[in-house]
There are 2 protein chains.
Amino acid sequence: MARPKNGETDRSNSSDKVEKILQGAMQQFLAYGYASTSMDKVAEAAGVSKATVYSHFQDKEGLFRALIERLARKRFQLILGTQPLKGEPYVVLRRLAKTALNQMINDPEYQAFERLLMGESARFPELAQVFIASIAKPAIETISQYLAARSELNIPDPEATARILIGSLVHFVITQEIMHGKNIMPMESDRLIDALTHLIVNCVK
Amino acid sequence: MARPKNGETDRSNSSDKVEKILQGAMQQFLAYGYASTSMDKVAEAAGVSKATVYSHFQDKEGLFRALIERLARKRFQLILGTQPLKGEPYVVLRRLAKTALNQMINDPEYQAFERLLMGESARFPELAQVFIASIAKPAIETISQYLAARSELNIPDPEATARILIGSLVHFVITQEIMHGKNIMPMESDRLIDALTHLIVNCVK
DNA sequence: GTCTATAGATCGATAGAC
DNA sequence: GTCTATCGATCTATAGAC
C-alpha cells in the first residue's frame with residue numbers, strides 16, 4: 001500500500017496516517033458528536049489501528065482539539081477567499097446575503113460543524129472561541145468596514161448593523177436547516193434577503 | 001419519608017418520584033449533554049435508584065424526550081406570559097428587544113437548553129422541531145402580527161422582518177454568551193438594540 | 001511505527017428480593 | 001414500587017510483539 005512512485009524514495013511519512021486519522025475523526029465527530037464518537041470507530045474510519053491513533057495524538061480530547069482547530073482554519077480560508085466587497089450597496093449586499101445563505105444551506109459539513117461546536121461549547125469553551133475569533137469576527141469586521149465606507153448609507157453603527165446582517169442569515173440557517181424547521185415554518189430565502197437589503201439600503205434616516 | 005400530612009391519606013404517588021427524576025435528568029442532561037449523561041448519575045441526582053428510573057421511563061431516550069418536551073412547554077409559557085405588544089413602535093420594539101436580550105443573557109438554563117437542542121438536532125430532529133414549533137414559531141408570529149398592524153412602519157414583509165429582529169437577538173446571545181465570544185469581540189447590548197430599532201422604525205421607505 | 005490483544009472502568013438495562 | 005446486585009456490551013488507553 002502507498003508504494004513510492006517512479007524515481008521517488010519512499011516518502012510515505014507517518015504524516016500520511018495523520019491525515020487519514022484526521023479524516024476519519026472528522027467523519028465520526030461531525031456525525032456523532034464528541035461523546036458518542038469512539039476511538040475504535042475513528043481508527044476504523046481512518047483505516048489504521050487504534051494504537052496508531054494514540055501514537056499520533058495524546059488522547060481523544062487532543063484529537064478532537066486538533067480536528068476542530070483544523071476545521072476552523074479551513075473555514076477561515078473559505079471566508080477570505082470571497083471577493084472583496086466593492087460596488088453599489090444594493091448589489092453588493094444582495095449578492096453577499098444570497099451567496100452566504102446558499103453556501104450555508106448547501107453545506108452539510110458547515111451545519112454539522114456548527115452543531116458540534118455549539119453542542120460542545122460548554123465543555124470546550126476555548127474551541128468555541130477559536131471559531132468566534134477565526135470566523136465570526138473576521139466576517140463581521142469585513143462587512144462592518146464596507147458599511148462604514150459607504151457613507152451614503154448613513155449607518156450610525158456599522159459594526160452593530162453588520163451583526164444584524166450576519167445574525168439574521170446565520171439564525172435563518174439554524175432554524176430552517178440545522179433545527180429542521182423548514183417544513184414547520186417555511187420561508188423562501190429570497191424573502192429574507194429582500195427584507196434585509198430593504199432595511200439596510202432604503203433607510204437613509 | 002414523605003409522610004402524609006394531618007388529615008390526609010398518603011397521596012405521595014409515584015408522581016413525586018417522577019418529578020424528582022425529571023429534575024435530576026434536567027440537571028444532568030443540561031450540564032453534560034445526552035451521550036455523556038449516565039442513568040446512574042441521573043438516579044443519583046434524583047435521589048432514587050436506577051431501577052426506579054427505569055420503572056417510570058422506558059429507557060434513556062424516553063427519559064430524554066420527556067424532559068425536552070417538558071422544557072419546551074415551560075419555555076412556551078414564559079413566552080406567552082409576556083404582555084401583548086401594543087403601543088408606539090419605537091417604545092414597543094425597544095422594550096421587546098431589551099427584555100428578550102436580558103432574559104436570554106441572564107438565563108443559564110435557556111443557554112444550556114439551546115446548546116443541548118442544537119447539539120442533538122442531528123440525532124433527535126423531532127425534538128428540535130418541538131422547539132421550533134412551540135417557541136420560535138409563536139415568537140415570530142407575535143412580532144410579525146404587530147409589525148403588520150402598524151401600517152405606518154411601511155414594512156413590505158412583516159414576517160421576514162420579524163425573523164430579522166429575532167435572529168439578530170438570538171444570534172447575539174449565541175456568539176456572546178453561548179460560544180463565549182464576549183471577551184473576543186465585545187459589544188454592549190444597547191448598541192445592537194439601537195441599531196435594530198433604528199433600522200426598523202426609522203425606515204419608512 | 002504499526003499492529004493485536006487486553007486491562008480496567010463505566011455504560012444501559014434487568015432480575016429478583018422485599 | 002423501590003431497592004441491591006449484577007450481566008454483557010462498550011469505552012479509553014496501553015503493553016508488548018514485530
Side-chain angles (χ1 to χ4, degrees), chain A residues 1-4 8-29 31-68 116 119-120 123-124, chain B residues 1-4 8-68 116 119-120 123-124 127:
Chain A
M1 250 179 255
R3 290 209 329 264
E8 282 181 358
T9 48
D10 189 350
R11 303 292 264 81
S12 71
N13 307 336
S14 56
S15 332
D16 297 349
K17 303 234 164 172
V18 170
E19 177 59 30
K20 285 169 68 182
I21 292 168
L22 285 170
Q23 284 291 334
M26 180 174 75
Q27 178 193 122
Q28 294 293 311
F29 281 125
Y32 303 109
Y34 178 76
S36 290
T37 289
S38 75
M39 296 296 264
D40 286 270
K41 291 284 188 182
V42 168
E44 186 184 325
V48 302
S49 77
K50 191 162 57 166
T52 299
V53 176
Y54 277 97
S55 80
H56 290 283
F57 299 92
Q58 200 188 2
D59 52 19
K60 184 180 177 180
E61 200 173 306
L63 173 59
F64 184 65
R65 289 181 198 278
L67 174 71
I68 297 297
L116 183 60
E120 298 301 332
R123 288 164 288 283
F124 297 96
Chain B
M1 247 180 262
R3 290 210 329 267
E8 283 182 356
T9 47
D10 189 349
R11 304 291 263 80
S12 71
N13 308 337
S14 57
S15 331
D16 297 349
K17 302 236 164 171
V18 169
E19 177 58 30
K20 285 169 68 181
I21 291 169
L22 285 170
Q23 283 291 333
M26 180 174 74
Q27 179 194 121
Q28 295 292 311
F29 281 125
L30 287 183
Y32 303 110
Y34 178 76
S36 290
T37 289
S38 74
M39 295 298 266
D40 286 271
K41 292 283 187 184
V42 169
E44 186 185 326
V48 302
S49 77
K50 192 162 58 165
T52 299
V53 176
Y54 277 98
S55 80
H56 290 282
F57 299 92
Q58 199 187 6
D59 52 19
K60 184 180 178 181
E61 200 173 305
L63 173 59
F64 184 65
R65 290 182 197 276
L67 174 71
I68 296 296
L116 183 60
E120 299 300 334
R123 287 164 289 283
F124 297 96
L127 293 184

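Keep in mind that the numbers below use all heavy atoms, side chains included, and drop hydrogens, waters and symmetry copies. All chains are named by letter (A, B, ...) in the order of the sequence lines, taking the proteins before the strands, and each is independently numbered beginning at 1. Since the model is a prediction, treat every value here as computed from it, not as a measurement.
Atom CD of A:Q58 is separated from atom P of D:dA13 by 9 Å (rounded to the nearest Å). Going from atom CZ of B:F57 over to atom P of C:dG12 covers 15 Å, rounded to whole Å. Computed from coordinates, the B:I21 CD1 to D:dC3 P distance equals 9 Å when rounded to whole Å. If you measure from atom OH of B:Y32 to atom C1' of C:dT10, you get 15 Å, rounded to the nearest angstrom. Taking atom OH on B:Y34 and atom P on C:dC11, their separation rounds to 14 Å, with Å as the unit. Rounded to whole Å, atom P of C:dT4 lies 12 Å from atom CD of A:E44. Look at CG on B:D59: it is 8 Å from P on C:dT14, rounded to the nearest Å. Straight-line distance from the CG atom of A:D40 to the P atom of C:dC3: 13 Å, rounded to whole Å.
Distance from the side chain of A:K50 is smallest to D:dA13 among D:dA13, D:dC3, C:dG12. Comparing D:dA13, C:dG12, D:dC3 against the side chain of B:S49 picks out D:dC3 as the nearest.
Atom CD of B:E44 is separated from atom CD of B:Q28 by 7.5 Å, given to the nearest 0.5 angstrom.
Side-chain N/O atoms of B:T52 and B:S49 include a donor and acceptor closer than 3.5 Å. With no hydrogens or angles considered, a side-chain donor-acceptor pair links A:Q23 and A:E19 at under 3.5 Å.
Of the two residues near DNA chain C, B:A51 and B:K60, the one whose nearest nucleotide lies more 5' is B:K60.
In this structure, A:H56 reaches the C:dT2 phosphate: one of its side-chain N or O atoms is under 4.0 Å from OP1 or OP2. B:Y54 has no side-chain polar atom (N or O) that falls below the 4.0 Å cut-off from OP1 or OP2 of C:dT14. Between D:dC3 and B:T52, a contact under 4.0 Å exists linking OP1 or OP2 to a side-chain N or O. Proximity of B:S38 to the phosphate of C:dC11: a side-chain N or O atom is located under 4.0 Å from OP1 or OP2.
The ring of B:F57 has its center no closer than 6.0 angstrom to the ring center of B:F64.
Heavy atoms of B:T37 sit under 4.0 angstrom from primed sugar atoms or phosphate atoms, though from no base atom.
Note that A:K60 lies outside the cation-pi zone of A:F29, set by a 6.0 Å cut-off to the ring centre and a 45° limit from the axis.
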